[in-house]
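Whatever order the structure lists them in is the order used to number ligands and atoms, beginning at 1. Quick note: residue numbers are just sequence positions, from 1.
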Amino acid sequence: MKIIKILLLIYFIIIQSISNAEINSFSDWVISFKKMAEKEGISKKTINTIMDQAIYLPKVIEYDRYQPEFYEDTKTYISKRVTNSKIKTGVSLYKNNLFINEIEKKFSVEKELLLALMGIETNFGKYLGKMDIVSSLATLSFDKRRSEFFTKELIILLKLIDNKTIDPSTLYGSWAGAFGNFQFMPRTISNYAIDYNSNSIIELKNLKDSFASAANYLHKIGWKENQPCFFKIDLEQNIPEKFLNTSAKKIRNKKEIHYFKKYIKNFDNIDIDNNIRVAIITPDKEIVPDAKNLSPAYLIFENYELILKWNRSLRFALAVCTLKKEFKNEL
Ligand SMILES: [Ca+2]
């Protein structure tokens, strides 16, 4: 018994000293980050007020390292995210906020798409995240894995606070630093967010500012109103492997629709201009154990690829477009 107690004591001393070392070097990192922020032209007052409150969040590193061992198949993924209750919530949100029509016209982005994105990202503001974003970004900047990316995001965030574009007291969001109804990262806020209700501050938890910001973002990256997103297809067995895209990082082997005619069983149902360039995705292939190689399969269009810019996930974009279609039937 005595030996076990001693061993436990040694164990706790080691664990304690490791976490102390981590915290010490985090505070060293804060000091060097502050110097960098000053060089970027951010005021000392903002840097000190904000960064003195930043703490190291071990949980954020846990989330960052977490790699699911297997993915939900596409059907499960979509059915969990496109639900009747979500459709109902979205419809009533729209009916109570008809300013969304004005935003649809102004930015040439369908209201159904905006509702779908908000529904998938945060379930209409229900899941905005409770992490202190400054501390999340600081933790991920201090960590070696993606330090450069998150350091830049944190600098941008400090600039937004420094020039009073956003209110630092509202900065609670996802563990990776995404914020507001549509989960914008600081760079997206800086490039695309808008103060639509004209009170001199961008509030991404406010409906007007967040809807206009999302619409402006989509418009600026080239969204084409009333153009298709994806079309579900049944593939013939003889389709060459190279045409089956499984990664959202780079979509390969695009062809005009008619080129794929010989590989698609339900080709005659495709009521879309045959000269549009498309690609084929098979999102379950490779990442879902025992997935059938050729099913499900989709033809994807330019608008679909724009949603990948918003979030690089084949399933995310499928879910958004599916929910969008549901809203189209309801509104
Ligand atoms: Ca505002």
Measure from the Ca ion (ligand 1) to each N, O or S atom of Ile201 and report whether any distance is below 3.0 Å. yes
Is Lys208 positioned over the aromatic face of Phe99, cation under 6.0 angstrom from the ring centre and no more than 45 degrees off axis? yes
Take atom CG in Asn84; do more than 12 heavy atoms of anything else shown fall under 6.0 Å from it? no
Answer yes or no on whether Arg65 is positioned over the face of Tyr63, meaning its NZ or CZ is under 6.0 Å from the six-membered ring centre and within 45° of the axis. no
Salt bridge or not for Glu121 and Lys126, using N-O below 4.0 Å? no
What angle, in degrees and rounded to 10°, do you get at the Ca ion (ligand 1) when you join it to OE1 of Glu203 and to OD1 of Asp195? 170°
Is the distance from the Ca ion (ligand 1) to the nearest N/O/S atom of Asn197 under 3.0 Å? yes
Given the ring of Tyr217, does Lys309 sit roughly above its face, with NZ or CZ under 6.0 Å from the centre of the six-membered ring and within 45° of the axis? no
Using 3.0 Å as a strict upper limit, say whether an N, O or S atom of Asn199 approaches the Ca ion (ligand 1) that closely. yes
The atom name of the N, O or S atom in Asp209 nearest to the Ca ion (ligand 1) is OD2
